Amino acid sequence: MSEIILRAKEIKKSFKSPNGDTIDVLRGVNLEIARGQSISLRGESGAGKTTFLNVIAGLESPSSGEIYWDGQRVDNLSNSKQARIRAGFMGFVFQNYCLVPELNALENVELAARIAGKFDASARKRAKELLDGVGLSGRLRHLPSQMSGGEKQRVAIARAIINNPRIILADEPTGNLDEITGLEVMDIFLTLCSSYSTSLLLITHNPEFAARTSAQVRLAAGVLV
Amino acid sequence: MKWWLYIALKQLFPTGKFVSFFAAVSILGVALGVLGLFGTQSVMNGFHEQIGVKLRDTSGDVIIRNRGKPMYDVEPLVDSLKKNPAVKAVELAAQGPVMMLVGNVPAFPVLRSYDTVSGECAIPIKEKDFVQMGDIDDLDDDSIIVGQRLGASIGIGVGDEVEIFSPTMLNKIKKDEVPMPARLKVVGLLATDYSEVDSNIALVSLRRFRDLYNLGDGSHSIILRLKDGVDCGQMAKEISKNLQYPMRAITWLTNNAAFLRIIKMEKVMMSLIIVLIIIVASFSICISLYTSVLRKTREIGLMGAMGARPMQIACTYCFQGFLIGVLGSLAGLGLTVLILHFREPIVEIIVGREALIEFYHFAHLPVKYEFADAWRACAFATVLCTFAGLIPALGAARLKSSEAMRNE
Ligand SMILES: Nc1ncnc2c1ncn2[C@@H]1O[C@H](COP(=O)(O)OP(=O)(O)O)[C@@H](O)[C@H]1O
Ligand SMILES: [Mg+2]
């Protein structure tokens with residue numbers, strides 16, 4: 001059996017709604033992602049996909065359940081310990097590109113390396129290669145405000161990969177893009193992930209994209225089906 | 001470089017732009033506050049020092065008095081004081097108010113004596129060229145040197161004659177004698193640049209003064225000028241020890257204590273008011289940074305996801321406040337020196353020279369930079385700006401990545 005990069009065991013998560021009742025969003029989710037494996041996660045809006053992603057990323061603590069990164073249990077670690085591990089272990093791509101507006105494309109990609117404490121000449125070289133890889137070699141010095149949505153998302157993809165993470169969590173990365181651009185971006189994304197053999201958890205609405213991952217799951221009624 | 005330092009710098013000085021609008025305005029705001037504070041303090045210091053010099057130059061360093069009564073037979077004391085190595089000059093002086101008539105225009109100056117016989121003088125009339133349009137050596141028993149502004153106010157100049165009536169002449173009237181005023185010729189104008197003196201004082205010879213005041217051989221005070229660097233207070237104390245009660249030696253500082261205190265207080269009060277400017281500046285920095293935190297909620301959330309710790313995110317904002325404080329302070333100091341360098345034309349335009357002379361007794365705006373003032377103004381501004389960054393910083397640090405990224 002191949003190496004398990006990320007494991008979620010019996011994850012439950014409930015929120016208190018403003019009027020006092022509890023909403024059970026996740027009711028015992030189990031998931032294993034192996035090295036290099038890509039999994040797509042679908043589900044209706046409000047099904048709890050983002051919540052699940054946040055929980056396994058350690059951005060939100062589960063109500064109960066266990067989370068393992070690279071075999072290490074992390075749900076019982078402090079936030080800052082999690083943050084330290086996460087910097088080199090995970091990459092993120094979100095629907096909103098979340099680029100820092102004061103930084104140009106290259107600097108935005110490098111920022112991830114800086115935060116992970118891995119910024120040096122080779123990181124800069126790698127950032128340029130990655131931007132080249134996503135087809136933005138001519139736009140290294142462009143600010144986010146000078147780029148289109150598709151270009152911004154490609155920068156975000158390069159940023160997610162720069163630290164050579166074991167896994168990338170992507171939450172509807174093409175949600176803000178038109179069909180054709182979305183297709184292009186997803187192409188680049190999936191190709192990059194497989195060429196770096198990075199595992200991928202991809203939340204998407206698009207069945208075509210979902211079909212291109214090695215496994216597909218659906219979140220419904222708080223459990224994976 | 002720490003990444004949070006890098007982000008802070010980039011937010012203030014974004015790529016492709018020299019400086020962000022926010023940073024420019026904030027730095028300017030702090031600079032203006034520091035300019036106001038440090039500038040005012042420097043000018044007040046200048047006043048204080050200048051007034052000190054003028055007071056000292058016009059009143060002498062140490063003054064021995066006999067509770068206002070005339071002193072007689074003080075020659076042995078004067079001789080012994082002259083032998084003191086710390087003493088530069090010892091002057092027997094007398095002074096008092098008189099009425100001066102020019103035609104039928106009266107003035108009521110204070111007459112001060114000058115010992116034309118010995119030439120001994122405790123104020124630097126000669127060294128500092130206080131007498132204009134004439135010379136102190138031209139003064140004799142039938143002449144007078146009037147303050148420049150006094151002369152101007154009653155329209156007399158060198159060569160004119162004035163009549164002097166002293167208060168003691170009233171005694172003659174009581175005895176049914178007719179008092180004859182002293183007719184004195186103006187031989188010079190006293191110009192110390194200190195309007196208190198220039199508009200109130202006239203100099204006559206000691207002999208003439210004694211005659212006017214019926215003093216005989218007496219005098220009102222013994223004025224000492226000390227060598228440079230001698231501690232006036234210490235000296236006054238030592239001298240007082242050997243004086244017979246009620247004679248007492250006081251320094252020019254004690255003599256003018258109230259006036260000097262007012263200037264010091266004015267400095268404090270003005271500083272307090274101007275401190276408000278810096279506080280207001282820091283408020284707007286706080287609000288701007290806070291807005292920036294709200295605007296960047298998602299980016300901050302993502303930094304958290306990428307492994308940034310809350311403490312580091314907080315540092316990003318605190319450091320921005322700190323940096324604005326430091327740069328604003330430095331710019332403020334620079335501006336202060338620049339503007340005060342061109343203070344003469346600026347004052348001329350804004351208030352006019354006359355106002356300066358009228359209210360502050362000087363013809364020129366004095367400035368004295370004190371390191372402590374600069375240091376305090378900068379430290380105050382920097383600390384305040386850092387605090388201004390602290391509130392947004394805490395806000396940013398508290399953001400939960402998961403919630404921040406849901407932010408629309
Ligand atoms: N902080 C929260 N407090 C209360 N309810 C929340 C919170 N976050 C998410 N939810 C609820 O959890 C459910 C799942 O949300 P989400 O994970 O964003 O769905 P999806 O990403 O699948 O569209 C929604 O019904 C939402 O209202
Ligand atoms: Mg979602």
Side-chain angles (χ1 to χ4, degrees), chain A residues 13 15 50-61 78-108 110-119 140-146 156 159-160 162-163 165 169 171, chain B residues 1-24 26 288-289 291-317 319-320 323 396-408:
Chain A
K13 177 75 186 175
F15 290 109
T50 302
T51 305
F52 178 62
L53 184 141
N54 283 338
V55 168
I56 59 172
L59 302 179
E60 207 158 342
S61 46
S78 74
N79 281 342
S80 66
K81 269 206 187 106
Q82 284 182 3
R84 248 181 270 246
I85 304 174
R86 191 163 54 229
F89 178 72
M90 268 179 189
F92 294 89
V93 182
F94 291 100
Q95 182 174 353
N96 305 308
Y97 328 105
C98 300
L99 300 181
V100 176
E102 289 88 0
L103 303 182
N104 62 32
L106 182 62
E107 289 165 338
N108 260 296
E110 288 168 356
L111 179 62
R114 287 178 190 269
I115 290 179
K118 292 185 192 162
F119 183 65
L140 301 185
R141 315 257 164 238
H142 283 221
L143 292 173
S145 57
Q146 299 162 331
R159 179 178 61 187
I162 181 146
N163 288 330
L169 306 183
D171 191 352
Chain B
M1 194 182 353
K2 296 261 187 263
W3 72 264
W4 48 268
L5 263 174
Y6 170 79
I7 285 288
L9 283 173
K10 282 296 180 183
Q11 290 193 352
L12 295 178
F13 307 100
T15 298
K17 253 195 198 174
F18 175 59
V19 56
S20 73
F21 179 72
F22 159 68
S26 307
S288 306
L289 282 177
T291 315
S292 139
V293 169
L294 295 183
R295 204 157 35 81
K296 291 181 198 297
T297 300
R298 273 196 254 126
E299 284 100 282
I300 294 171
L302 185 91
M303 287 184 208
M306 290 195 295
R309 293 193 291 282
M311 191 61 195
Q312 296 173 319
I313 291 175
C315 283
T316 304
Y317 284 89
F319 183 73
Q320 287 186 53
L323 200 64
R398 262 209 310 270
L399 284 179
K400 277 184 67 185
S401 287
S402 57
E403 282 166 23
M405 280 175 311
R406 280 182 194 273
N407 194 286
E408 286 308 313

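In what follows, chains carry the letters A, B, and so on, assigned in the order in which the sequence lines appear, proteins first and then strands, with residues in each chain numbered from 1. Quantities reported herein were computed from a predicted structural model and do not represent experimental measurements. Values reported hereafter were calculated over all heavy atoms of this structure, with side chains retained and with hydrogens, waters and symmetry mates removed.
Neither the backbone nor the side chain of A:Arg141 comes within less than 4.5 Å of any heavy atom in chain B. With a 4.5 angstrom heavy-atom cutoff, B:Ile300 does not touch chain A via any of its atoms. With a 4.5 angstrom heavy-atom cutoff, B:Phe13 does not touch chain A via any of its atoms. With a 4.5 Å cut-off on non-hydrogen atoms, A:Ala112 touches chain B through its backbone and its side chain both. Heavy-atom distances place no part of B:Met311 under 4.5 Å from chain A, backbone and side chain included.
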Next item on the list: List the steps and the verdict of side-chain contact (heavy atoms from CB on, under 4.5 Å) for A:Phe119 and B:Met1.
Entry: CA-CA 9 Å; A:Phe119 183 65; B:Met1 194 182 353; over 6 Å; no

Check: A:Glu107 and B:Thr15: side-chain contact (heavy atoms from CB on, under 4.5 Å), yes or no, with the steps?
Finding: CA-CA 9 Å; A:Glu107 289 165 338; B:Thr15 298; 2.5 Å; yes

Next item on the list: In sequence, state the C-alpha distance, the side-chain angles, and the governing distance for B:Tyr6 and A:Leu103, and then conclude on side-chain contact (heavy atoms from CB on, under 4.5 Å).
Entry: CA-CA 10 Å; B:Tyr6 170 79; A:Leu103 303 182; 4.0 Å; yes

Next item on the list: Could you check B:Met303 against A:Val100 for side-chain contact (heavy atoms from CB on, under 4.5 Å), going step by step and ending with a plain yes or no?
Entry: CA-CA 9 Å; B:Met303 287 184 208; A:Val100 176; 3.8 Å; yes

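Across A:Leu111, A:Asp171, A:Asn79, A:Leu143, the residue that shares the most heavy-atom pairs under 4.5 angstrom with chain B is A:Leu111.
With A:Phe94 as the aromatic partner, B:Arg298 does not meet the cation-pi criteria of under 6.0 angstrom to the ring centre and within 45 degrees of the ring axis.
Counting only distance, with no hydrogens or angles, the side chain of A:Arg86 and the backbone of B:Gly304 share a donor-acceptor pair below 3.5 Å.
Atoms CG and CD, from A:Leu99 and B:Glu299 in turn, are 8.0 Å apart once rounded to the nearest 0.5 Å. The OG atom of B:Ser402 lies 5.0 Å from the CG atom of A:Asn54; values are rounded to the nearest 0.5 Å.
A:Met90 has its side chain out of reach of B:Met306: every pair of non-hydrogen atoms, C-beta onward, lies at least 4.5 Å apart.
When each of B:Lys10, B:Lys296, B:Lys17, B:Arg295 is paired with A:Glu102, the salt bridge (Lys or Arg N to Asp or Glu O under 4.0 Å) condition holds for B:Lys296 and for no other.
The nearest pair of heavy atoms linking A:Ile115 to B:Gly307 is CG2-C, 3.7 Å. Across every non-hydrogen atom of B:Ala308 and A:Ala83, the tightest pair is O-CB, 4.3 Å.
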